[in-house]
S.K.: 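One structure, pasted below without further comment.
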Amino acid sequence: MKIYSYKDLSKQEIESICLRQLEDDATIQDRVKGIVDAVKTDGDKALFSFAKQFDQVELTQLFIGKKEIEEIAASIPAAAKAAIDTAYQNIRTFHAAQANKEEKIETMPGVTCWREARAIDRVGLYIPGGSAVLPSTFLMLGIPAILAGCKEIVVCSPPQKDGKTNCYLAYCALKLGIEKIYLVGGAQAVAAMAYGTESVPKVYKIFGPGNRYVTQAKQLIQSTTMTAIDMPAGPSEVLVLTDETANPSYVASDLLAQAEHGADSQTILVSTSNEIITKTLEQVEIQLKELPRKDVTALAIANSYAVLVKDLEQGMEFSNTYAPEHLILSTDHFEPLIPLIANAGSVFLGNLTPESAGDYASGTNHTLPTSGFAKAYSGVSLDSFVKKITFQHISPKGLENIGNTVEVLAEAEGLRAHRNAVSIRLKDIV
Ligand code: HSO
Ligand code: ZN
């Protein structure tokens with residue numbers, strides 16, 4: 001892992017080490033376009049053939065229904081069932097608290113404005129199932145979708161080798177009251193949900209992480225159909241800010257947890273202490289050896305770096321420029337840093353708060369902006385599954401109060417019909 005000293009870096013160098021490699025692979029783009037077009041024209045037929053080609057399974061049906069979900073879910077080990085129950089409860093509690101009813105505001109006497117949330121009727125959730133099957137993602141997307149009141153929740157996840165889904169996903173579906181899982185993965189799943197096929201319903205917004213094909217497909221359908229997406233996605237990342245109060249073994253474990261997601265994951269260590277950097281890197285080497293995914297993890301660590309800063313404030317300055325998906329403040333002195341955080345997806349405070357807690361069970365959502373998008377995007381929340389509609393009502397008194405302002409502005413814009421829409425009413429009340 002490369003080590004930089006902040007004081008020796010120019011502004012340009014800082015910006016350049018904060019840059020993520022944005023995916024612009026023409027081969028992937030072409031392949032994804034081919035897949036999306038095939039699903040658009042051939043529907044289910046294309047999905048069956050892609051299942052054979054990419055998942056090596058010969059499906060007879062593109063989904064599993066309630067009965068099968070119940071049967072598969074029954075084989076979940078007791079400990080996993082209990083863990084999912086606890087995570088479910090915490091995620092539900094945290095997201096339920098996001099449903100705030102907004103006040104009606106009288107902007108002028110007789111002019112009342114307000115906003116109400118309405119669920120997006122049909123949403124699509126993509127649950128990855130390639131190198132890792134992620135039931136946690138099912139909970140992170142399914143719970144807010146249900147709480148928001150989405151009427152149709154379409155779930156796509158690649159089929160396992162047996163042409164089914166695994167017991168963890170089946171149990172999540174059962175808990176969420178979702179009665180079908182479509183056995184469709186990759187770019188073809190995104191296309192199916194964007195265009196609709198004989199089996200897979202078309203949705204208005206697609207959520208969920210995925211590999212480069214899934215990400216590319218989401219971007220493509222966003223620009224070619226009326227389908228919205230949760231956010232642009234890139235490889236997962238963490239920035240850990242530390243001082244001498246950090247525990248190097250804990251910090252190393254957090255860096256490795258992020259690194260094991262994939263070779264392109266980024267793990268950034270920022271510290272006020274040279275000693276913490278050295279000890280953490282030693283710990284990374286020691287802990288890495290024991291990991292089952294050590295090959296991929298080592299590649300991600302090799303692509304990562306450490307930055308030595310003069311104090312925690314300077315570390316925050318760097319973090320705000322980097323805008324990490326996950327920011328861990330591994331210091332006892334995190335409190336005064338909170339107001340300084342400008343750009344981050346989700347923040348983990350203190351030495352006993354591992355990112356893994358948020359990945360699975362504390363309650364916050366793990367679908368977060370990566371690649372610097374934390375400068376402008378929020379993570380998934382209840383809000384992601386609703387539209388906010390504004391309302392207004394004007395009383396006779398209100399029209400008297402606001403009428404002239406609208407008339408003058410309409411005239412200034414040369415829009416006589418706009419002015420008339422007020423004048424014609426004002427005439428009747430004064
Ligand atoms: N860290 C990932 C989420 C995840 N981790 C799922 C484990 N399972 C992106 O925030
Ligand atoms: Zn994770």
Side-chain angles (χ1 to χ4, degrees), residues 20 23 80 83-84 86-88 90-91 94-95 125-144 155 157-158 166-169 171-172 176 185 207-212 214-215 218 229-240 250-268 284 287-288 291-294 296-297 299-301 303-304 319 322-328 330 343-348 353-374 377-381 384:
R20 322 306 199 269
E23 197 54 67
I84 288 178
T86 303
Y88 176 92
N90 290 351
I91 298 164
F94 185 70
H95 287 76
L125 316 183
Y126 182 72
I127 314 300
S131 76
V133 184
L134 304 180
S136 54
T137 300
F138 201 174
L139 298 181
M140 295 293 175
L141 300 177
I143 291 170
V155 177
S157 189
N166 83 10
C167 65
Y168 305 109
L169 293 190
Y171 183 65
C172 289
L176 291 161
F207 295 79
N211 61 18
R212 302 196 292 176
V214 172
T215 303
K218 279 168 75 183
I229 62 166
D230 48 0
M231 70 186 80
S236 205
E237 59 205 26
V238 69
L239 186 149
V240 191
Y250 296 178
V251 176
S253 72
D254 288 328
L255 297 174
L256 290 166
Q258 194 53 45
E260 82 176 337
H261 272 295
D264 50 6
S265 292
Q266 257 208 332
T267 60
I268 313 294
V284 164
Q287 294 180 27
L288 177 64
L291 294 174
R293 288 163 73 100
K294 57 172 163 291
V296 163
T297 313
L299 288 172
I301 291 290
N303 284 330
S304 302
S319 173
Y322 184 83
E325 178 191 15
H326 306 96
L327 169 62
I328 306 181
S330 287
N343 305 317
S346 195
V347 183
F348 301 79
T353 316
E355 188 219 303
S356 302
D359 278 352
Y360 291 107
S362 56
T364 60
N365 208 287
H366 79 201
T367 314
L368 298 165
T370 55
S371 311
F373 281 108
Y377 281 81
S378 318
V380 163
S381 70
S384 315

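Just follow the structure's listing: the first ligand is 1, and inside any ligand the first atom is 1.
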S.K.: Give me the nearest non-hydrogen protein atom to atom 10 (O) of ligand 1 as residue plus atom name, then the distance to 0.1 Å.
M.R.: H366 O, 2.9 Å

S.K.: When you measure from atom 8 (N) of ligand 1 to every protein heavy atom, which one gives the shortest distance, and what is it?
M.R.: S136 OG, 3.5 Å

S.K.: Taking Y322's backbone N and O only, do any of them form a donor-acceptor pair with R20's side chain (distance below 3.5 Å, no angle check)?
M.R.: yes

S.K.: Decide whether E325 and S236 meet the rule of one side-chain donor and one side-chain acceptor closer than 3.5 Å.
M.R.: yes

S.K.: When you measure from the side chain of N365 to the backbone of M140, do you find a donor-acceptor pair of N or O atoms at a distance under 3.5 Å?
M.R.: yes

S.K.: Around atom 4 (C) of ligand 1, find the nearest protein heavy atom and jot down its residue, atom name and distance.
M.R.: H261 CE1, 3.5 Å

S.K.: Flag H366 as yes if one of its N/O/S atoms falls below 2.8 Å of the Zn ion (ligand 2), otherwise no.
M.R.: no

S.K.: Considering only N, O or S atoms, which atom of H261 is nearest to the Zn ion (ligand 2)?
M.R.: NE2

S.K.: Does I301 reach the side chain of T267, with side-chain heavy atoms less than 4.5 Å apart?
M.R.: yes

S.K.: Does E355 come within less than 4.0 angstrom of ligand 1, counting non-hydrogen atoms of the residue?
M.R.: yes

S.K.: Nearest 0.5 angstrom please: E237 CD to L368 CG, how far?
M.R.: 10.0 Å

S.K.: Less than 4.5 Å apart, side chain to side chain, heavy atoms only: is that true for L169 and S157?
M.R.: yes

S.K.: So, D359 and the Zn ion (ligand 2): N/O/S under 2.8 Å, yes or no?
M.R.: yes

